[in-house]
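First comes the structure, then the notes that go with it.
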Amino acid sequence: MAPNDRPQNLFAVIHDRVLAALDALIAEGLLPAAIDRSRVLVEPPRDAAHGDMATNAAMVLAKDAGRKPRELAEALAGRLRADPLVAAADIAGPGFINLTLRPQAWTQALREAIEAGGDYGRARQGAGETVNIEYVSANPTGPMHVGHCRGAVFGDALANLLAFAGCDVTREYYINDAGAQVDVLARSAYLRYREALGEDIGAIPEGLYPGDYLKPVGAALAKEHGARLKAKPESEWLPLVRAKAIAMMMEAIRADLVALNVRHDVFFSERSLVEEGDAVGKTIAWLRERGEVYEGRLPPPKGAPVEDWEDREQTLFRATDFGDDVDRPLLKSDGSYTYFASDIAYHKSKFDRGFRNLIDVWGADHGGYIKRMQAAVKAVTGGKAALDVKIVQLVKLLRGGEPVKMSKRAGEFVTLREVVDEVGRDAVRFMMLFRKNDAVLDFDLARVIEQSRDNAVFYVQYGHARAHSIFRMAREQFPDLPPGNAARAALVASAPLEWLDDPAELALVRRIALYPRLIEAAAAAHEPHRIAFYLYELASEFHAQWTRGKDLPHLRFIIQNDRELTLARMALVQGVMTVLASGLAILGVSAPEEMR
RNA sequence: GCGCCGGUAGCUCAGCUGGAUAGAGCACCAGACUUCGAAUCUGGGGGUCAGGGGUUCGAAUCCCUUCCGGCGCGCCA
């Protein structure tokens with residue numbers, strides 16, 4: 001294996017060794033040639049007493065081999081003991097093989113982490129995969145509120161994670177600028193326009209957007225057009241006003257996203273699908289040619305009665321051919337496209353642009369929409385693209401345990417910007433990711449700015465700052481220790497790591513060695529929250545080891561008059577720092593060097 | 001009525017796509033600062049993994065079912 005091709009994931013290395021050992025057993029005739037390798041796992045055991053890694057190979061393969069698990073385990077363990085990385089291979093329980101690695105295997109992993117620096121954990125699993133991830137996609141009818149925040153942060157972190165895992169990632173925002181809502185926006189803005197011209201518009205009528213945020217749009221329109229629009233019929237002013245309002249809303253939304261450090265590569269206009277070459281109509285025709293569109297009737301929906309239900313023939317997509325529960329309409333009664341119709345065309349566009357892995361991030365209220373969209377993607381890509389829809393649950397905004405009151409009706413809601421301004425970008429981002437995406441999230445404005453262990457953001461960042469602090473202090477003892485990250489890393493990478501022999505130190509080394517495996521698993525599952533929890537655990541172990549040095553001075557990171565031991569421990573600190581910084585970067589959270 | 005998501009310690013939540021004796025934090029109790037940052041740490045009690053059945057070497061995890069909560073159920077997006 002070429003040195004620069006060495007996989008950083010030690011678990012993957014051992015996994016390969018186990019598979020090789022199985023091949024050897026096949027050659028000996030102990031195992032049949034046709035075995036299911038996919039179920040063979042190499043994992044960290046829950047209990048450290050069980051060694052460094054465990055494999056279930058013997059249990060999983062026992063049936064195929066026609067042998068008892070423990071008998072097979074005995075043969076396999078015998079093979080593995082010959083491996084230079086393996087110090088011991090014990091059989092336990094129903095047939096686990098517990099592996100203890102030689103200490104050099106772990107210290108070598110630490111060395112690699114330090115040498116790789118910011119590239120440590122970067123994976124190749126996604127090599128060649130093109131991923132399109134669509135997130136936020138808030139309607140351009142107003143500023144972003146806290147509800148949008150979670151999807152924005154989640155999508156952004158997932159995109160970072162996939163890119164780190166080697167995927168070619170495109171971040172996309174779908175602008176819903178075609179439906180009836182943006183016409184309502186235009187009418188609301190027109191009212192503000194008249195207001196800007198000095199007219200008394202009174203109360204905003206029911207059905208229009210009442211928020212003050214449209215006043216600048218009205219003012220801009222007045223400045224641009226003077227009173228000219230007042231004389232025109234709606235059919236003439238509406239497109240003008242609509243375009244202006246959408247442009248200004250998108251500008252505000254982009255600014256909000258920047259405040260959150262969320263950036264997209266592509267802003268895709270729904271309207272462009274209709275106006276530029278009628279992509280929606282073409283997609284429907286395309287599906288019709290393939291027999292997936294027909295004229296028919298739908299049964300009325302069960303449950304909550306629809307007041308104006310009218311049984312009529314309509315244009316339907318055969319979603320049931322692709323796993324949906326019912327066929328779905330493509331045209332409204334007035335002949336215009338349904339949102340679903342343009343969404344099909346939109347997803348076809350993603351496929352046509354070369355993407356084979358599609359990810360959509362939606363709010364929980366769109367959960368019922370997943371099946372039909374996946375059906376549509378199947379139809380429109382011939383099954384050649386996969387769509388994963390990630391649902392982000394709602395955020396309950398609290399302050400000191402009490403719910404923050406919001407009145408959507410009156411146009412009073414807490415905006416994303418207000419929250420970011422109050423608690424900071426890092427706190428918002430980390431807390432939004434410190435929970436599974438499909439679980440409801442309590443976000444307490446008072447708690448996330450506390451500087452204590454309660455506050456995971458702070459706790460993890462403090463771990464990183466503390467690592468830097470240790471280096472600052474170490475330089476006072478050993479002035480030749482270079483200050484820069486790269487130079488320092490070069491020095492500590494050659495440190496005598498065999499001096500790291502305290503169990504807690506070795507546990508930290510193992511935790512660091514786990515990072516590449518974590519990246520792979522989190523990327524495969526599309527679950528960035530795993531990074532946040534891992535960082536919290538790593539920080540926790542690091543803080544604990546630091547404090548242990550108070551009672552047990554020989555365990556301090558800096559040992560006066562023992563340059564070699566100090567260097568070895570600096571390597572450990574450097575490893576912790578490297579991984580904390582890397583993980584925080586994926587989450588889009590800053591890694592401060594000091595927090596005083 | 002149907003579909004999706006959830007139900008794990010008093011509270012808030014993890015649990016690495018089926019692994020070994022289910023873990024953190026908060027709260028509660030008892031401790032550690034002349035010391036590399038106490039913005040930290042150590043120890044303790046606390047569980048019918050909502051209930052029941054099944055699949056198998058092995059289930060919080062997969063399947064069935066019941067209960068509870070949230071969301072959704074042409075012509076909104």
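Quick note: numbers below take in every heavy atom, side chains included, and nothing from hydrogens, waters or symmetry partners. Per chain, numbering begins at 1; letters A, B, ... match sequence-line order.
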Just name whichever nucleotide pairs with [N], Watson-Crick or G-U, keeping both distances under 3.5 Å, else none.
N     : result
B:A30 : B:U42
B:U56 : none
B:C2  : B:G72
B:A14 : none

Sugar-phosphate, base or nothing in reach of [X], heavy atoms under 4.0 Å:
X        : result
A:Arg517 : base
A:Gly367 : nothing
A:Glu310 : base
A:Ala180 : sugar-phosphate
A:Val60  : base
A:Ala54  : base
A:Ile558 : base
A:Pro94  : base
A:Asp343 : nothing
A:Val326 : nothing
A:Glu594 : base
A:Asn56  : base

Nearest-angstrom distance from the residue atom [atom1] of [X] to [atom2] of [N]:
X        : N     : atom1 : atom2 : answer
A:Asp365 : B:C71 : CG    : P     : 10 Å
A:His464 : B:U40 : NE2   : P     : 18 Å
A:Gln545 : B:G37 : CD    : P     : 15 Å
A:Phe430 : B:A14 : CZ    : C1'   : 13 Å
A:Asp551 : B:U40 : CG    : P     : 17 Å

Using a cut-off of less than 4.0 Å, is there contact between a side-chain N or O of [X] and OP1 or OP2 of [N]?
X        : N     : answer
A:Arg39  : B:C57 : no
A:Lys396 : B:G70 : no
A:Lys436 : B:G15 : yes
A:Lys63  : B:U56 : no
A:Ser469 : B:G37 : yes
A:Arg530 : B:C16 : no

In whole angstrom, give me the gap between the [atom1] atoms of [N] and [M].
N     : M     : atom1 : result
B:G47 : B:U8  : C1'   : 8 Å
B:U12 : B:G1  : P     : 28 Å
B:A22 : B:C16 : C1'   : 14 Å
B:G18 : B:A38 : C1'   : 43 Å
B:C4  : B:G43 : P     : 44 Å
B:C62 : B:U56 : C1'   : 11 Å
B:C63 : B:G69 : C1'   : 23 Å
B:G23 : B:A9  : P     : 14 Å

To the nearest 0.5 Å, tell me how far A:Phe96 CZ sits from A:Ile91 CD1. 13.0 Å
Is the backbone N or O of [Y] less than 3.5 Å from a side-chain atom of [X], with the two atoms forming a donor-acceptor pair by type?
X        : Y        : value
A:Tyr534 : A:Arg511 : yes
A:His347 : A:Asp343 : yes
A:Arg517 : A:Ala12  : no
A:Lys390 : A:Asn437 : no

Check step by step if salt bridge (Lys or Arg N to Asp or Glu O under 4.0 Å) holds for A:Lys350 and A:Asp360. CA-CA 11 Å; A:Lys350 294 183 189 178; A:Asp360 288 359; 3.1 Å; yes
Is the NZ or CZ atom of A:Arg466 both under 6.0 Å from the centre of the six-membered ring of A:Phe542 and within 45° of that ring's axis? no
Residue pair A:Tyr346, A:Glu172: steps toward the side chain to side chain donor-acceptor pair (under 3.5 Å) verdict: CA-CA 11 Å; A:Tyr346 173 48; A:Glu172 199 152 313; 2.9 Å; yes
Please tell me which of the listed nucleotides, [options], lies nearest to the side chain of [X]?
X        : options             : value
A:Lys371 : B:C76, B:G3, B:U40  : B:G3
A:Tyr369 : B:A77, B:A38, B:A14 : B:A77
A:Thr547 : B:A38, B:G19, B:U40 : B:U40
A:Tyr462 : B:C13, B:G3, B:G37  : B:G37
A:His529 : B:A14, B:C5, B:G37  : B:A14
A:Arg548 : B:U42, B:U40, B:C13 : B:U42
A:Ala439 : B:C36, B:A14, B:G19 : B:A14
A:Ser333 : B:C75, B:G74, B:C76 : B:C75
A:Met59  : B:G37, B:U21, B:C57 : B:C57
A:Gln314 : B:G3, B:G37, B:G74  : B:G74

Checking salt bridge (Lys or Arg N to Asp or Glu O under 4.0 Å) for the pair A:Arg447/A:Asp442: CA distance, chi angles, key distance, verdict? CA-CA 11 Å; A:Arg447 196 151 295 162; A:Asp442 289 340; over 6 Å; no
Give me the ring orientation class for A:Phe434 and A:Phe533: parallel if the planes are under 30° apart, tilted from 30 to 60°, perpendicular past 60°. parallel
Min side-chain heavy-atom separation A:Phe430-A:Tyr459 under 4.5 Å: no
Hey, which of these two, A:Ala465 or A:Ser137, hits RNA chain B nearer its 5' end, going by closest nucleotide? A:Ala465
Of A:Phe458 and A:Gly549, whose closest RNA chain B nucleotide lies nearer the 5' terminus? A:Gly549
Does anything in residues 533-543 of chain A come within less than 4.0 Å of RNA chain B? Heavy atoms only, and list the residues if so. A:Phe533, A:Tyr536, A:His543
A:Tyr174: what forms a side chain to side chain donor-acceptor pair (under 3.5 Å) with it, not counting sequence neighbours? none
